[in-house]
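Counting starts at 1 for both ligands and their atoms, in listed order. Bear in mind that the values here come from a model prediction, so they are computed numbers and not experimental data.
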Amino acid sequence: MNREPIRIRASSFGSLFDCPARWIAIHLEGKRSPQSGKAALGTALHAGTAVFDSERVAGQLPNVGAASDAAAEKVSKIDDETIWEPGEQVKAIDVATSLTAKYCKEESMKHQFAAVEATLDSLVIKDLGLELTGTTDRVEVIGGEYGVTDIKSGKTAVGTNGIAKTHGHAAQLGIYEIVAEESTGLQITGPAQIIGLQTNLTPDKQRIGTGLIVNAREVLLGNEQHTGLLVTASKLVHGDIDPWGNPKSMMCSEVYCPNFKQCFWRR
Ligand code: SF4
């Protein structure tokens with residue numbers, strides 16, 4: 001059945017299943033929702049590390065200072081879209097600067113990147129009535145094959161064993177595999193990877209680690225036993241199944257959910 005495709009950004013795919021009611025309010029009903037300071041720091045780290053890795057991929061001499069400055073500048077901006085706790089923004093500027101520099105000096109060179117921030121404007125999956133769009137952080141050569149790499153930051157992004165946490169990220173990494181294959185023309189057959197940036201305020205306690213997910217796409221596409229999440233996503237956004245709310249979501253708060261006051265599920 002062909003339907004008018006509904007657009008899903010790859011970066012929002014995880015939040016569709018975190019709380020479908022919240023996702024629909026924001027992405028289909030156009031209700032506004034600010035981002036947390038934590039999310040703003042993540043955006044800044046993406047910006048800074050991308051400056052460094054883009055120069056590497058272009059064959060230029062990468063500049064650690066320019067990368068750190070780009071991260072700090074991003075997180076210094078005052079805007080209405082970000083909710084900062086008292087004192088949080090100043091700390092975030094320090095973390096963005098020091099953690100970007102640590103990534104550039106200690107982590108980046110371990111990776112053989114083929115593409116940095118590969119953007120796809122549109123991939124329509126007609127039979128599901130979905131249009132995928134988004135940006136894959138990196139495509140890199142992993143074990144002789146191309147794989148996607150996603151950069152994730154946060155206090156728990158890297159365990160004390162030095163390995164990036166991959167649990168629960170297969171669906172989103174699977175979407176990035178589809179998006180990256182379409183945007184770069186490269187065959188993505190290697191495992192997906194997360195580079196975790198642990199956002200401790202003290203630079204010598206910040207940890208950077210990696211973790212792999214094999215066959216992430218299967219969670220989306222399904223197999224003989226399971227329906228893939230893309231089919232479920234299509235049913236949700238087209239109203240074939242009723243959306244539900246998840247009051248246990250980390251984002252279930254008056255600040256981050258535009259449905260909070262009138263939510264049926266939060267009681
Ligand atoms: S209030 Fe909570 S349960 Fe309700 S839509 Fe928002 S995040 Fe979901």
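A heavy-atom distance below 4.5 Å is not found between the side chains of Leu197 and Val158. Residues Phe13 and Leu220 have side chains in contact (heavy-atom distance under 4.5 Å, counting atoms from C-beta outward). Between Val90 and Trp84, every side-chain heavy-atom pair lies at or beyond the 4.5 Å cut-off.
Near-neighbour remark for atom 6 (Fe) of ligand 1: protein N, O or S atoms under 2.8 Å are Cys257 SG; waters not counted.
For the pairing with Arg138, the side-chain contact (heavy atoms from CB on, under 4.5 Å) check across Ile195, Val148, Thr149 returns one residue only, Thr149.
Other residues, nucleotides and ligands place no more than 12 heavy atoms under 6.0 Å from the NZ atom of Lys74.
By the side chain to side chain donor-acceptor pair (under 3.5 Å) test, Arg9 pairs with no residue at all, sequence neighbours left out.
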